[in-house]
Engineer: 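Take this structure first; my questions come after.
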There are 2 protein chains.
Amino acid sequence: MARRAPRPAGATLPAPGGPRRIPDAAVARLGTYHRVLTDALAAGSCTVSSEQLAGLAGVNASQVRKDLSYLGPTGTLGVGYDVEHLLGRIGVELGLTRHWPVVIVGAGNLGRALANYRGLAARGFVVAGLVDADPTKVGRTVGGLAVEPLEALEGLIAERRVRIGVIATPASAAQEVADRLVAAGVRAILNFAPAPVGVPPGVSVRKVDLALELQVLSYHQVRATTRTRGDGTHPRRAAAPALRPDPRGAGR
Amino acid sequence: MARRAPRPAGATLPAPGGPRRIPDAAVARLGTYHRVLTDALAAGSCTVSSEQLAGLAGVNASQVRKDLSYLGPTGTLGVGYDVEHLLGRIGVELGLTRHWPVVIVGAGNLGRALANYRGLAARGFVVAGLVDADPTKVGRTVGGLAVEPLEALEGLIAERRVRIGVIATPASAAQEVADRLVAAGVRAILNFAPAPVGVPPGVSVRKVDLALELQVLSYHQVRATTRTRGDGTHPRRAAAPALRPDPRGAGR
DNA sequence: TAGATTGTTAATCGATTAACAATC
DNA sequence: TAGATTGTTAATCGATTAACAATC
């Protein structure tokens with residue numbers, strides 16, 4: 001397999017699809033700031049400092065100022081940030097002022113939970129459709145929404161102007177579903193299937209793997225209980241035992 | 001608020017709770033390798049190269065080798081990795097060979113979906129309990145498991161040797177639940193509530209915010225449609241409009 | 001004014017990627 | 001052997017944090 005050519009020193013990347021100004025991690029934190037500021041406003045706060053906001057969001061004050069600087073100047077020197085103003089700026093930048101129709105593919109446990117989840121609607125995400133390939137699931141009502149057949153996917157996306165799709169299918173179906181979503185005009189995908197999906201440039205994908213999250217935690221537990229070698233070394237094992245050079249060894 | 005003292009140059013951190021050898025991001029990828037290797041083994045592959053594994057997992061081959069190096073030597077120079085051997089090494093390191101009893105707090109849509117989710121059981125996570133504060137939910141059966149009252153939490157954790165807790169409650173209850181989980185002996189928390197929870201050192205927390213994931217995607221859409229200023233600058237706004245210095249301004 | 005706080009630059013940290021010597 | 005591939009080091013990249021001049 002061809003070795004990747006070394007990138008010419010100092011070359012700047014062309015940034016496919018135009019420059020993305022705010023890093024995803026910062027966008028996610030801005031969303032958190034928006035939530036805690038909403039609470040702060042309800043509690044009567046008119047202004048907050050970066051120190052205060054950092055405390056509410058559980059991050060560093062420098063990071064708050066850095067994140068907010070992506071929005072352009074939003075505060076007042078020596079005073080802080082006007083809560084209402086800041087809420088407005090974040091809301092506009094992140095699209096929280098709009099409604100985003102979403103289609104969920106897969107009406108299994110996870111898909112139904114998402115369709116029912118009030119936290120999504122509260123932040124402008126409207127479940128415009130819930131489809132499933134299983135005919136026995138079609139017609140069931142979930143959170144006031146009838147499950148539609150998979151064949152309805154394309155029409156539904158076009159009619160209801162869906163831009164965001166959620167994949168809540170088994171891993172085996174994920175890529176095919178992603179292809180159909182993209183072909184039908186979806187521009188962003190949230191993937192809950194435990195398999196990566198490939199998409200053309202310009203389409204955004206976020207992946208959430210619930211089992212993987214738990215696995216990281218179980219590793220922490222293993223680490224905590226297994227007694228650590230102080231020197232951080234591993235026992236040198238005698239490498240892999242007796243490699244069979246691939247005689248197509250009948251999958252056990 | 002006291003400015004953080006500058007860290008003395010060159011000082012190494014004491015690493016609370018002992019050195020954590022493998023970074024979380026690498027642990028998550030190791031989990032992915034485990035999954036794709038399981039498929040590869042079933043398909044008859046006895047060995048894989050880092051290039052092949054990278055292709056299956058959708059990452060860089062250098063990264064595969066780096067990640068695997070955390071396990072100590074696992075491959076054979078000039079040949080590659082023995083699939084079965086590698087599965088074993090990853091499984092032991094991540095705790096995939098054990099059963100992990102898990103308690104889920106909150107039997108709303110998300111909690112019930114998680115309790116029903118077969119992908120968890122498939123990877124060794126056994127839902128040992130599902131509790132809810134709402135008496136009308138108690139007694140219902142979800143995925144063969146009866147919802148128990150919140151009061152049963154501590155007893156359940158002790159009896160069933162639960163080490164991992166999942167918070168699937170509203171934001172308002174998250175911190176109190178976290179405190180009770182930790183007090184009862186839970187050492188790792190997966191938090192689905194849209195609020196950060198504080199825990200004592202030594203306890204691991206992972207946070208998943210479904211609405212935040214969608215918000216990042218909606219931002220991408222806003223960016224894609226809003227025409228970008230070529231120079232990457234922002235229009236200089238006249239800063240925040242007329243700051244009222246906090247006269248307790250009756251929540252609008 | 002004196003005190004407070006932003007916006008930004010520089011320093012630090014950590015994670016990813018490229019390169020290559022070792023060697024099967 | 002010649003070709004392939006690991007394990008690891010060095011280079012790069014990006015994100016976080018500290019520091020501070022500007023100034024309300």
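FYI, side chains are in, hydrogens and waters are out, and symmetry mates aren't considered; it's all heavy atoms of this structure. By convention in this document, chain letters (A, B, ...) are assigned in the order of the sequence lines, proteins followed by strands, and residues within each chain are numbered from 1. These figures come from a predicted structure and were not determined experimentally.
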Engineer: If only side-chain N and O atoms of A:S62 are considered, is one of them under 4.0 Å from the OP1 or OP2 phosphate oxygen of D:dA18?
Structural biologist: no
Engineer: Show me the dot-bracket string of DNA chain C, counting Watson-Crick or G-U pairs under 3.5 Å, with | for pairs to another strand and [ ] for crossing ones.
Structural biologist: ..||||||||||||||||||||||
Engineer: To the nearest angstrom, how far is B:R21 atom CZ from C:dG14 atom P?
Structural biologist: 17 Å
Engineer: Over how many whole Å does the gap from A:L86 atom CG to C:dT5 atom P extend?
Structural biologist: 16 Å
Engineer: Could you go through the side-chain hydrogen bond (donor to acceptor under 3.5 Å, both in side chains) check for B:D179 and B:Q175 one step at a time?
Structural biologist: CA-CA 6 Å; B:D179 292 342; B:Q175 184 61 59; 2.8 Å; yes
Engineer: Look only at the side chain of A:Y81 and the backbone of A:L53, and say whether a donor-acceptor pair between them is shorter than 3.5 Å.
Structural biologist: no
Engineer: Determine yes or no for a side-chain-to-main-chain donor-acceptor pair under 3.5 angstrom, with A:D39 supplying the side chain and A:A43 the backbone.
Structural biologist: no
Engineer: Ignoring hydrogens and angles, tell me if any N or O in the side chain of B:Q215 forms a donor-acceptor pair with the backbone of A:L94 under 3.5 Å.
Structural biologist: no
Engineer: Under 4.0 Å from OP1 or OP2 of D:dT17: is there any side-chain N or O of A:R65 that close?
Structural biologist: no
Engineer: Atom CG of B:N60 to atom P of D:dC13: distance rounded to whole Å?
Structural biologist: 14 Å
Engineer: To the nearest angstrom, how far is B:K66 atom NZ from C:dT17 atom C1'?
Structural biologist: 10 Å
Engineer: Compare every heavy atom of A:V105 with every heavy atom of A:T169, then report the nearest pair and how far apart it is.
Structural biologist: CG2-O, 3.4 Å
Engineer: So, B:Q52 side chain and B:S49 main chain: donor-acceptor pair closer than 3.5 Å or not?
Structural biologist: yes
Engineer: Atom CG of A:D24 to atom P of D:dC13: distance rounded to whole Å?
Structural biologist: 19 Å
Engineer: Judged by atom type as modelled, is there a donor-acceptor pair below 3.5 Å linking the side chain of A:Y219 to the main-chain atoms of B:I22?
Structural biologist: yes
Engineer: Is B:W100 reaching over with its side chain to a backbone N or O of A:Q221, donor-acceptor style, under 3.5 angstrom?
Structural biologist: no
Engineer: Output the single nucleotide from D:dG7, C:dA15, D:dA15 whose closest atom is nearest the side chain of B:P23.
Structural biologist: C:dA15
Engineer: Reckon A:Y70 has a side-chain N or O less than 4.0 Å from the OP1 or OP2 of C:dT8?
Structural biologist: no
Engineer: Of the nucleotides C:dT17, C:dT5, C:dG7, which one has an atom closest to the side chain of A:S49?
Structural biologist: C:dT5
Engineer: Just the rounded figure in Å: distance from P of D:dG7 to CD of B:Q63.
Structural biologist: 16 Å
Engineer: When you compare the protein's N or O atoms with those of nucleotides 22-24 of chain D, which come within less than 3.5 Å of each other, and at what distance?
Structural biologist:
| residue | atom | partner | partner atom | Å |
| --- | --- | --- | --- | --- |
| D:dC24 | O4' | A:L77 | O | 3.4 |

Engineer: Starting at atom CG of B:D67, determine the distance to atom C1' of C:dA15, rounded to an integer number of angstrom.
Structural biologist: 10 Å
Engineer: Measure from CD on A:Q52 to P on C:dA4 and round the result to the nearest Å.
Structural biologist: 13 Å
Engineer: Just checking, is any N or O donor in the side chain of A:S50 or A:R65 under 3.5 Å from an acceptor N or O on the other one?
Structural biologist: yes
Engineer: Consider the side chain of A:Y81, meaning its heavy atoms from C-beta on, and name the nucleotide among D:dG7, D:dA18, C:dT6 that approaches it most closely.
Structural biologist: C:dT6
